[in-house]
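Heads up: numbering here begins at 1 and tracks the sequence.
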Amino acid sequence: ILGTDKIIKSIKSMKVGRLNLSVYDALFVLLAVVSLVLRINNLDFPLLSNSDIARDYLISHHIAADKEFPLNGPGSSIGIVNSPFYQYLLALFLLIQDDFLFLSFVNIFFQILTILLVYVIAKKMFGAAPAFAAALLFAFTRHIFHYSDYIWQAYLMHPFVNASFLLLLL
């Protein structure tokens, strides 16, 4: 059939404005939007229910409000003192708006950024179809989805770790 080749070719490479998007790129944009909406909708604000989250917020608030910068972060359960980078990062966002809700949206932004990085890394290594599958699985895995509810150091560092993996591939 003569027309099917043109249809298949146009589906494989869509042109949106000046962007040349593959079908998987367009599906990824849809995935990111759906993931963002679901994360915002399911945000149940257990923010102060965890003592670590409350401690980190108070330290970051103190850094932002009083301009006092600790040299060490909080101690861990095994006695190792953590770096204060996480509190400094939170303090940067608290300078914009000192509000737990705002920090929740920043956390969700970092989760969506992590999904994007997973997509980019997988696309660079394996191609567009496996990249979309990886992003889909990562975006809606129960534990990863749950990370959007808690502003915690381990959850907020995902995009930085994935960005370092991406730099290894460049």
Side-chain angles (χ1 to χ4, degrees), residues 16-17 19 21 25-78 80-123 131-132 134-168 170:
V16 180
L19 300 174
L21 297 176
D25 292 338
L27 285 173
F28 173 76
V29 170
L30 180 64
L31 168 74
V33 169
V34 168
S35 181
L36 175 69
V37 169
L38 287 176
R39 280 172 162 73
I40 290 172
N41 188 42
N42 290 325
L43 195 63
D44 61 355
F45 304 105
L47 300 172
L48 289 175
S49 64
N50 186 324
S51 60
D52 287 348
I53 295 170
R55 176 204 60 209
D56 293 341
Y57 171 75
L58 291 173
I59 292 170
S60 301
H61 171 75
H62 185 73
I63 291 169
D66 298 332
K67 310 297 186 264
E68 292 181 6
F69 303 99
L71 297 177
N72 294 326
S76 68
S77 60
I78 59 172
I80 297 172
V81 177
N82 291 315
S83 165
F85 173 74
Y86 172 64
Q87 280 80 21
Y88 292 159
L89 181 66
L90 287 181
L92 285 175
F93 295 111
L94 290 176
L95 287 173
I96 298 169
Q97 184 172 348
D98 191 359
D99 184 22
F100 251 32
L101 181 62
F102 181 71
L103 282 182
S104 297
F105 289 128
V106 167
N107 186 33
I108 289 172
F109 167 75
F110 277 114
Q111 295 296 320
I112 301 299
L113 180 63
T114 304
I115 297 167
L116 172 67
L117 288 171
V118 166
Y119 180 75
V120 170
I121 291 169
K123 186 175 180 183
F132 178 72
L136 182 68
L137 288 173
F138 187 82
F140 296 113
T141 300
R142 184 173 58 96
H143 293 295
I144 301 296
F145 194 81
H146 181 68
Y147 290 170
S148 298
D149 281 345
Y150 293 97
I151 304 167
W152 199 38
Q153 181 175 0
Y155 302 160
L156 204 58
M157 294 299 131
H158 282 174
F160 297 102
V161 171
N162 284 318
S164 67
F165 288 141
L166 182 61
L167 288 175
L168 284 173
L170 295 179

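Under the side-chain contact (heavy atoms from CB on, under 4.5 Å) rule, Leu166 has a single partner from Val161, Val118, Val120, which is Val120.
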Can you list the steps and then say if Asp99 with Phe105 is a side-chain contact (heavy atoms from CB on, under 4.5 Å)?
CA-CA 10 Å; Asp99 184 22; Phe105 289 128; over 6 Å; no
Using the rule given for side-chain contact (heavy atoms from CB on, under 4.5 Å), can you reason through Ile59 versus Tyr88, listing the C-alpha separation, both sets of side-chain angles and the distance that settles it, and then say yes or no?
CA-CA 9 Å; Ile59 292 170; Tyr88 292 159; over 6 Å; no
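Minimum heavy-atom separation, Gly75 to Arg55: O-NH1, 4.4 Å. Closest approach of Ser60 to Leu90, counting heavy atoms only: OG-CB, 3.2 Å. Between Ala64 and Leu95, the shortest heavy-atom distance links the atoms O-CD2, 3.7 Å. Of all non-hydrogen atoms in Ile112 and Leu36, the two that sit nearest each other are CD1-N, 3.7 Å. What you find for Glu68 and Ile63 is that their closest heavy atoms are O-CG1, 3.4 Å. Ala134 and Ala122 get closest at one heavy-atom pair: CB-CB, 4.1 Å.
Residues meeting the side chain to side chain donor-acceptor pair (under 3.5 Å) test with Gln87, sequence neighbours left out: Asp56. Partners of Tyr86 according to the ring-ring contact (aromatic ring centres under 6.0 Å, His included) rule, which considers only residues two or more places apart in sequence or in another chain, do not exist here. In this structure Asp66 satisfies the side chain to side chain donor-acceptor pair (under 3.5 Å) test together with His62, sequence neighbours excluded. For the ring-ring contact (aromatic ring centres under 6.0 Å, His included) test, residues two or more places apart in sequence or in another chain that qualify with Tyr147 are Tyr155, His158. With sequence neighbours left out, the ring-ring contact (aromatic ring centres under 6.0 Å, His included) criterion links Phe93 to Phe110. Legend: residues meeting side-chain contact (heavy atoms from CB on, under 4.5 Å) with Ala135, ordered by chain and number and at least two apart, are Phe28, Leu31, Ile115, Tyr119.
Between atom OH of residue Tyr150 and atom CG of residue Leu156 there is a gap of 15.5 Å, rounded to the nearest 0.5 Å. A distance of 7.0 Å separates CG of Leu43 from CG of Leu101, quoted to the nearest 0.5 Å. Note that the CD1 atom of Ile53 and the CG atom of Leu58 stand 12.0 Å from one another [nearest 0.5 Å]. Residue Leu117 holds its CG atom at 9.5 Å from OG of Ser164, rounded to the nearest 0.5 Å. Here Leu116 contributes atom CG and Phe138 contributes atom CZ; the two are 11.5 Å apart, rounded to the nearest 0.5 Å. Leu103 CG to Leu94 CG: the interatomic distance, rounded to the nearest 0.5 Å, is 4.5 Å.
At least one donor-acceptor pair under 3.5 Å links the side chain of Asn42 to the backbone N or O of Leu38.
Atom CG of Leu71 has 12 or fewer heavy atoms from other residues, nucleotides or ligands within 6.0 Å. The number of heavy-atom neighbours closer than 6.0 Å to CZ of Phe165, taken from other residues, nucleotides and ligands shown, is 12 or below.
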